[in-house]
Amino acid sequence: MRVSRKFQKLFSVDAIESLWEHVCRWTHPVSSRRILATLDRSQLARLREHYPYRPNARRINAYEDAAYWIDINVERAQDLWLDRSPPVRILDLGCGAGYFLYVCRFFGHEGLGLDTDEEPIFRGITELLNVRRVVSRIHPQVPLAELEEKFDLVTAHRVCFHRVARAANEEWIEWAPADWRFFIEDIRARFLKPGGRLLLDFNPRPDGSSFFTSELRACFLSEGGRIFRSKALFATEPNQRPRFKETGRKIDKSL
């Protein structure tokens with residue numbers, strides 16, 4: 001029975017899509033070491049002395065581990081073809097320590113992060129990386145803070161702003177489809193340039209299942225979203241077909 005399940009996972013749609021992502025990266029390799037060499041890792045290590053681990057913090061969140069986070073964010077940038085596209089302006093929601101925007105700057109892009117200020121080490125690392133950041137919180141059915149600019153790409157990785165509160169059984173109370181529709185429409189109307197893209201990348205459920213329940217999948221598809229593994233990609237216009245691959249269009253810098 002266990003062998004059967006392993007074979008099912010091996011030949012599942014998710015596995016095939018994962019292989020496709022790896023193939024796309026292999027055909028256009030990027031040296032994470034070159035990006036890592038631009039960082040003063042001793043300064044990053046010293047930041048942890050000023051901002052010690054919070055009680056019960058997971059070691060995977062060792063944000064001073066630049067090698068780990070540069071690798072992760074190079075893959076994120078490659079999956080959006082940002083390592084081989086014309087310069088774009090990027091808004092990263094829940095930017096954390098700012099590594100994604102730092103990697104994107106290495107590829108010639110400009111970015112702005114948005115996050116809360118609850119994790120002090122994020123403040124220290126974004127300052128060290130010289131990543132621009134706006135401190136703000138994302139609430140359901142509330143417009144995003146006014147940023148007075150539009151972007152070619154809006155991203156959110158390891159999305160957790162949709163978690164409202166813990167229920168009595170310790171499970172998260174999450175946004176309803178109506179909350180997601182409000183959020184997507186707000187991003188489209190006020191933050192995306194014509195031809196822009198919105199990427200939402202989610203963690204799996206605690207039991208390992210996909211974030212996309214049948215209800216959420218239907219919601220995102222009705223908004224013109226393209227679902228690929230843990231990601232949902234949207235174009236500026238609901239009737240446009242969003243693409244992970246940057247097509248090389250001329251970037252409109254007038255907006």
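Side-chain atoms are counted along with the backbone in the values below, which use heavy atoms only and exclude waters and symmetry mates. Numbering of residues begins at 1 and proceeds along the displayed sequence.
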Point to revise | Arg33 atom CZ, neighbour heavy-atom count above 12 within 6.0 Å | key: no

Check your understanding: Is the CD atom of Glu146 crowded by more than 12 outside heavy atoms at less than 6.0 Å?
Key ->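 Yes, enclosed.
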
Rounded to the nearest 0.5 Å, what separation is found between the [atom1] atom of [X] and the [atom2] atom of [Y]?
| X | Y | atom1 | atom2 | answer |
| --- | --- | --- | --- | --- |
| Phe212 | Arg205 | CZ | CZ | 9.5 Å |
| Asn239 | Thr236 | CG | OG1 | 10.5 Å |
| Leu39 | Leu129 | CG | CG | 6.0 Å |
| Glu148 | Arg190 | CD | CZ | 11.0 Å |
| Leu82 | Phe106 | CG | CZ | 13.5 Å |
| Leu153 | Leu91 | CG | CG | 9.0 Å |

Closest approach of [X] to [Y] (non-hydrogen atoms, all atoms of both residues):
| X | Y | answer |
| --- | --- | --- |
| Arg132 | Gly111 | NH1-O, 3.9 Å |
| Asp152 | Val88 | OD2-CA, 3.4 Å |
| Pro242 | Gly224 | CD-O, 3.7 Å |
| His139 | Arg137 | CE1-CD, 3.2 Å |
| Cys219 | Pro177 | SG-O, 3.7 Å |
| Trp81 | Phe244 | CD1-O, 3.6 Å |

Check your understanding: Which pairs, with at least one residue in residues 104-115 and sequence neighbours excluded, count as a side-chain hydrogen bond (donor to acceptor under 3.5 Å, both in side chains)?
Key ->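 Those involving residues 104-115 are Arg89-Glu110.
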
Is it possible for you to say whether [X] and [Y] belong to one hydrophobic cluster, with membership spreading through side-chain heavy-atom contacts below 4.5 Å?
| X | Y | value |
| --- | --- | --- |
| Phe182 | Trp180 | no |
| Ile138 | Val142 | no |
| Phe183 | Leu147 | yes |
| Leu144 | Val135 | no |
| Ile227 | Ile184 | yes |

Sub-3.5 Å donor-acceptor pair from the side chain of [X] to the main-chain atoms of [Y], do we have one?
| X | Y | value |
| --- | --- | --- |
| Asp65 | Ala62 | no |
| Asn73 | Arg76 | no |
| Gln240 | Glu237 | yes |

Closer than 4.0 angstrom, basic N to acidic O: yes or no for [X] and [Y]?
| X | Y | result |
| --- | --- | --- |
| Arg123 | Asp117 | yes |
| Glu174 | Arg163 | no |
| Arg188 | Glu223 | yes |

Review point. Is there a ring-ring contact (aromatic ring centres under 6.0 Å, His included) between Trp175 and Phe161 once you walk through the steps?
Key: CA-CA 9 Å; Trp175 284 8; Phe161 54 74; 5.4 Å; yes

Would you call [X] and [Y] a side-chain contact if the rule is heavy atoms closer than 4.5 Å?
| X | Y | result |
| --- | --- | --- |
| Asp40 | Leu128 | no |
| Ile187 | Phe234 | no |
| Asn203 | Val159 | no |
| Ile173 | Arg166 | no |
| Asp179 | Gln141 | yes |
| Leu44 | Ile125 | yes |

Practice item. Could you go through the side chain to side chain contact (heavy atoms under 4.5 Å, CB included) check for Val164 and Trp172 one step at a time? Key: CA-CA 7 Å; Val164 179; Trp172 284 104; over 6 Å; no

Review point. Can Phe151 and Lys193 be said to form a side chain to side chain contact (heavy atoms under 4.5 Å, CB included), step by step?
Key: CA-CA 6 Å; Phe151 303 86; Lys193 293 182 181 182; 5.7 Å; no

Check your understanding: What orientation do Tyr63 and Phe122 show, parallel under 30°, tilted 30 to 60°, or perpendicular over 60°?
Key -> perpendicular

Practice item. Classify the angle between the aromatic ring planes of Phe202 and Phe220 as parallel (below 30°), tilted (30 to 60°) or perpendicular (above 60°). Key: parallel

Check your understanding: Picking from Leu198, Asp92, Leu114, what satisfies side chain to side chain contact (heavy atoms under 4.5 Å, CB included) with Val154?
Key ->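 Result: among Leu198, Asp92, Leu114, Leu198 is the only option passing the side chain to side chain contact (heavy atoms under 4.5 Å, CB included) with Val154.
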
Review point. Checking side chain to side chain contact (heavy atoms under 4.5 Å, CB included) against Leu101, which of Thr126, Leu112, Val131 comes through?
Key: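 Option passing the side chain to side chain contact (heavy atoms under 4.5 Å, CB included) with Leu101: Val131.
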
Check your understanding: Step by step, would you call His157 with Leu199 a side chain to side chain contact (heavy atoms under 4.5 Å, CB included)?
Key -> CA-CA 8 Å; His157 298 99; Leu199 173 78; 3.8 Å; yes

Practice item. Please test Lys231 against Leu200 for side chain to side chain contact (heavy atoms under 4.5 Å, CB included), starting from the C-alpha separation and ending with a verdict. Key: CA-CA 6 Å; Lys231 307 175 182 72; Leu200 303 175; over 6 Å; no

Point to revise | Pairing residues for Phe107 by the ring-ring contact (aromatic ring centres under 6.0 Å, His included) criterion, not counting sequence neighbours | key: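 Partners of Phe107 by the ring-ring contact (aromatic ring centres under 6.0 Å, His included) criterion come out as none, since no residue qualifies.
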
